[in-house]
Amino acid sequence: MFTRIGEVMLYVNDQEATRRFWTEKFGFIVASESEEGADMKWIEIKPTQEAETSIILHDRKLIEKLSPELNFGTPSLMLFTDDLDKLHEELSGRGVKVGEIETFSSERTFNFADNEENYFAVMEKGE
């Protein structure tokens with residue numbers, strides 16, 4: 001069956017602005033970038049080169065034309081960090097819209113919004 005999650009598709013209105021958000025605010029790297037023809041372009045970003053899972057930034061309008069049957073809602077991503085307080089402070093300092101740190105069932109977490117107002121969550125989870 002399945003062995004791991006390889007890629008998460010994120011359908012965005014502005015690929016370049018979203019690339020800058022993830023690379024400048026979070027330090028993600030661009031692992032690869034591909035273009036097929038004049039219209040089709042995708043950008044693969046990851047927290048590190050060694051990370052097994054990546055986020056693929058797709059042009060939402062183009063994918064809506066090619067595959068109108070897809071659900072284009074933002075996936076609910078949970079990212080992990082070793083130091084939630086430090087990350088929360090750093091992101092706030094970089095102008096990222098962050099929520100309050102909350103505790104649910106002994107798990108500490110907060111959410112944040114990207115440049116297109118999509119919300120994601122972060123949980124403190126050591127390796």
Side-chain angles (χ1 to χ4, degrees):
M1 291 295 281
F2 304 110
T3 58
R4 64 186 175 95
I5 295 173
E7 299 172 344
V8 175
M9 309 302 198
L10 188 58
Y11 304 107
V12 300
N13 297 312
D14 187 333
Q15 288 174 296
E16 293 304 320
T18 304
R19 171 214 306 252
R20 286 190 305 276
F21 176 84
W22 286 95
T23 57
E24 293 173 10
K25 306 281 186 185
F26 289 92
F28 273 48
I29 61 161
V30 175
S32 68
E33 192 168 343
S34 298
E35 290 190 40
E36 227 176 84
D39 295 333
M40 184 63 127
K41 175 182 178 179
W42 60 92
I43 303 167
E44 177 186 15
I45 57 174
K46 307 165 76 162
T48 66
Q49 190 62 46
E50 296 78 28
E52 289 187 12
T53 304
S54 58
I55 298 172
I56 308 297
L57 306 176
H58 283 284
D59 181 308
R60 181 184 187 107
K61 289 180 184 82
L62 177 63
I63 300 300
E64 283 175 340
K65 266 195 251 178
L66 296 174
S67 301
E69 72 281 2
L70 291 180
N71 177 350
F72 290 95
T74 302
S76 182
L77 299 180
M78 174 68 76
L79 304 164
F80 295 151
T81 184
D82 294 330
D83 191 337
L84 196 74
D85 297 297
K86 180 179 177 187
L87 180 61
H88 189 272
E89 184 178 320
E90 286 178 2
L91 295 180
S92 296
R94 294 180 192 158
V96 175
K97 185 183 208 177
V98 297
E100 296 296 319
I101 294 176
E102 299 184 27
T103 302
F104 299 101
S105 303
S106 77
E107 301 286 347
R108 297 178 68 230
T109 185
F110 70 87
N111 63 18
F112 66 90
D114 72 4
N115 59 301
E116 295 189 359
E117 294 292 316
N118 297 307
Y119 278 83
F120 304 96
V122 180
M123 180 187 296
E124 190 167 58
K125 192 166 189 125
E127 292 186 36

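Remark: the backbone N or O of Ala31 is not paired with any side-chain donor or acceptor of Lys46 at under 3.5 angstrom. Side chain of Glu116 to backbone of Asn13: a donor-acceptor contact under 3.5 angstrom is found. Thr109 contributes a side-chain N or O that, together with a main-chain N or O of Val122, makes up a donor-acceptor pair within less than 3.5 Å.
Annotation: the span from Leu62 atom CG to Ser67 atom OG amounts to 9.0 Å, rounded to 0.5 Å. Rounded to the nearest 0.5 angstrom, Asp14 CG and Lys61 NZ are separated by 8.5 Å.
The closest side-chain heavy-atom distance from Arg20 to Asn115 is not below 4.5 Å. In this structure, the side chains of Ile56 and Glu44 come closer than 4.5 Å at one or more pairs of heavy atoms. Arg108 is listed as a side-chain neighbour of Asp85, based on a closest heavy-atom distance under 4.5 Å. At least one side-chain heavy atom of Ile43 sits under 4.5 Å from a side-chain heavy atom of Ile45. Residues Asn118 and Thr18 fail the side-chain proximity criterion, which asks for heavy atoms closer than 4.5 Å. Val30 has its side chain out of reach of Trp22: every pair of non-hydrogen atoms, C-beta onward, lies at least 4.5 Å apart. Contact of the Asp59 side chain with the Lys41 side chain is not registered, since no non-hydrogen atoms from C-beta on lie closer than 4.5 Å. Put simply, the side chain of Lys97 reaches to within 4.5 Å of the side chain of Tyr119, judged on heavy atoms.
In plain terms, the two heavy atoms of Asp82 and Glu124 that are nearest each other are O-OE2, 3.6 Å. Between Met123 and Leu84, the closest heavy-atom pair is C-CD1, 4.1 Å. Glu100 and Phe110 make their closest contact through O-CB, 3.5 Å (heavy atoms, listed as atom of the first residue, atom of the second, distance). What you find for Leu77 and Ile55 is that their closest heavy atoms are CD1-CD1, 4.0 Å.
By the 6.0 Å contact criterion, CD on Glu117 is enclosed, its count of non-hydrogen atoms from other residues, nucleotides or ligands being greater than 12. Atom CD of Glu89 sits in a sparse spot, with 12 or fewer heavy atoms from other residues, nucleotides or ligands closer than 6.0 Å.
Ring geometry for His58 versus Trp42: interplanar angle of 30 to 60°, hence tilted. Ring planes of Tyr11 and Phe72: perpendicular class, angle over 60° (limits at 30 and 60°).
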Go through the steps to decide whether Phe112 and Leu79 satisfy the test side-chain contact (heavy atoms from CB on, under 4.5 Å), and finish with yes or no. CA-CA 11 Å; Phe112 66 90; Leu79 304 164; 3.8 Å; yes

Run the side-chain contact (heavy atoms from CB on, under 4.5 Å) test on Ile63 and Met40 for me, step by step, so that the C-alpha distance in whole Å, both residues' side-chain angles and the decisive distance to 0.1 Å come before the verdict. CA-CA 9 Å; Ile63 300 300; Met40 184 63 127; 4.0 Å; yes

List the steps, then state whether side-chain contact (heavy atoms from CB on, under 4.5 Å) holds for Phe120 with Leu10. CA-CA 12 Å; Phe120 304 96; Leu10 188 58; 4.2 Å; yes

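By the 4.0 Å N-to-carboxylate-O rule, Asp114 lies too far from Lys25 to be salt-bridged with it.
Residues Val12 and Ile29 are members of separate hydrophobic clusters, defined by side-chain heavy-atom contacts under 4.5 angstrom among Ile, Leu, Val, Met, Phe, Trp and Tyr. Tracing side-chain contacts under 4.5 Å through hydrophobic residues (I, L, V, M, F, W, Y), one never reaches Phe28 starting from Met78; they form parts of separate clusters. No continuous path of ILVMFWY side-chain contacts below 4.5 Å connects Phe80 to Leu87, so the two sit in separate hydrophobic clusters.
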